[in-house]
Amino acid sequence: EWLCVMRTGNKAGTAGISLNAGGDDMLSARTTDYGKTWELRRMNVPGVKPKLLKMSNGIMVLATGRPGNRLLFSLDEGRSWRKETLISPLNSMMSSGYCDIEEVEPGRLLAVYDIVNGTIDRFWFGGVERYSALVGRFIDVSRRFD
């Protein structure tokens, strides 16, 4: 069984980076026949650039942004998302809403995202000076919310 989560369109007037910008609700697609057919459903979760990761402890994590950057957690292979953790504040900094995650040790995620006009030492990437800093945060994830 494969799961795909995808961004849909962009709400009028919310392109680019904004504290209040939000993506449209994302879609999920699931296949049990190696991609020949897909079951599509609209999620009640807005966002851009979704990233899925299945952790070694069996928890599925969805990273997405706009507004802010956040992680959602599933215990049923992404059929429902029971918990959410905000990894960047919604109202104190601007971000593209693009984040990435990696399990760096069992039960521990490293989440990385960008901020604009950050006060920390700058880390330029890809020659795009609009984004002024990358931030990394460690998040410990356990099945305590069963």
Side-chain angles (χ1 to χ4, degrees), residues 1-118 120 123 125-126 128 130-146:
E1 185 171 67
W2 298 338
L3 173 65
C4 174
V5 175
M6 64 202 90
R7 171 184 182 171
T8 62
N10 189 51
K11 293 180 180 176
T14 62
I17 300 171
S18 168
L19 292 174
N20 299 314
D24 290 334
D25 285 347
M26 294 182 291
L27 298 175
S28 70
R30 190 174 301 272
T31 182
T32 56
D33 57 9
Y34 300 101
K36 292 178 186 171
T37 61
W38 292 85
E39 177 186 325
L40 188 67
R41 83 175 171 93
R42 183 167 296 279
M43 300 173 66
N44 191 23
V45 178
V48 297
K49 199 170 190 235
K51 165 77 180 212
L52 283 172
L53 174 73
K54 185 162 184 184
M55 297 182 65
S56 60
N57 59 13
I59 298 173
M60 176 112 21
V61 184
L62 170 61
T64 191
R66 283 195 215 151
N69 294 285
R70 62 193 182 284
L71 304 178
L72 294 97
F73 302 93
S74 175
L75 296 176
D76 59 5
E77 303 294 322
R79 288 174 178 80
S80 64
W81 299 95
R82 296 178 49 193
K83 296 287 181 179
E84 180 175 337
T85 297
L86 193 62
I87 58 173
S88 68
L90 295 177
N91 58 0
S92 66
M93 66 184 73
M94 293 192 299
S95 171
S96 68
Y98 297 168
C99 53
D100 204 354
I101 51 175
E102 187 65 43
E103 187 173 19
V104 294
E105 61 185 67
R108 178 166 254 211
L109 294 176
L110 172 61
V112 180
Y113 57 92
D114 67 290
I115 60 173
V116 177
N117 300 323
I120 62 176
F123 179 85
F125 58 97
V128 181
R130 180 176 180 188
Y131 306 103
S132 59
L134 284 181
V135 178
R137 296 185 65 180
F138 290 105
I139 297 118
D140 293 315
V141 180
S142 69
R143 295 181 68 98
R144 292 187 304 176
F145 58 86
D146 277 337

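Note that the numbering runs from 1 along the sequence shown for the chain. The shown structure was predicted, so the numbers you read here are calculated from the model rather than taken from an experiment.
The nearest pair of heavy atoms linking Gly47 to Met26 is O-CG, 3.7 Å. Of all non-hydrogen atoms in Thr8 and Asp25, the two that sit nearest each other are OG1-O, 2.7 Å. The minimum heavy-atom distance linking Pro106 with Ser56 is given by the pair CA-OG, 3.6 Å. What you find for Leu62 and Pro50 is that their closest heavy atoms are CD1-CB, 3.7 Å. Minimum heavy-atom separation, Leu3 to Gly78: CD2-CA, 4.0 Å. Contact detail for Asn57 and Val141: the closest heavy-atom pair is ND2-O, 3.1 Å.
Lys49 is linked by a salt bridge (charged side-chain N to carboxylate O under 4.0 Å, His left out) to nothing, counting only residues two or more places apart in sequence or in another chain. Residues meeting the side-chain contact (heavy atoms from CB on, under 4.5 Å) test with Trp2, sequence neighbours left out: Thr31, Tyr34, Trp38. Take Asp76 and apply the side-chain contact (heavy atoms from CB on, under 4.5 Å) test, not counting sequence neighbours, and it matches Ser74, Arg79, Ser80. For Phe138, the side-chain contact (heavy atoms from CB on, under 4.5 Å) partners at least two apart in sequence or on another chain are Val104, Arg108, Leu110. Thr32 pairs by the side-chain contact (heavy atoms from CB on, under 4.5 Å) definition with Glu1, not counting sequence neighbours. By the side-chain hydrogen bond (donor to acceptor under 3.5 Å, both in side chains) test, Asp100 is found to be paired with Lys51, residues two or more places apart in sequence or in another chain being considered. Under the salt bridge (charged side-chain N to carboxylate O under 4.0 Å, His left out) criterion, Glu84 pairs with Arg70, not counting sequence neighbours.
In this structure, the side chains of Val135 and Asp114 stay at 4.5 Å or more apart for every pair of heavy atoms. Contact check for Leu40 versus Met6: side-chain heavy atoms found under the 4.5 Å cut-off.
Put simply, the side chain of Thr85 never gets that close to the backbone of Leu71: no donor and acceptor are under 3.5 Å apart. Remark: side-chain polar atoms of Tyr113 are not paired, donor with acceptor, to backbone N or O of Gly65 under 3.5 angstrom.
Note on Glu77 versus Lys54: salt bridge recorded, some NZ/NE/NH1/NH2 to OD/OE distance being below 4.0 Å.
The residue from Leu72, Asn69, Val5 that alone fulfils the side-chain contact (heavy atoms from CB on, under 4.5 Å) condition with Thr64 is Leu72.
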Chi angles and distances behind the side-chain contact (heavy atoms from CB on, under 4.5 Å) call for Leu109, Leu53:
CA-CA 10 Å; Leu109 294 176; Leu53 174 73; 3.5 Å; yes

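Few gaps surround CG on Asp33; more than 12 heavy atoms of other groups in view lie less than 6.0 Å from it.
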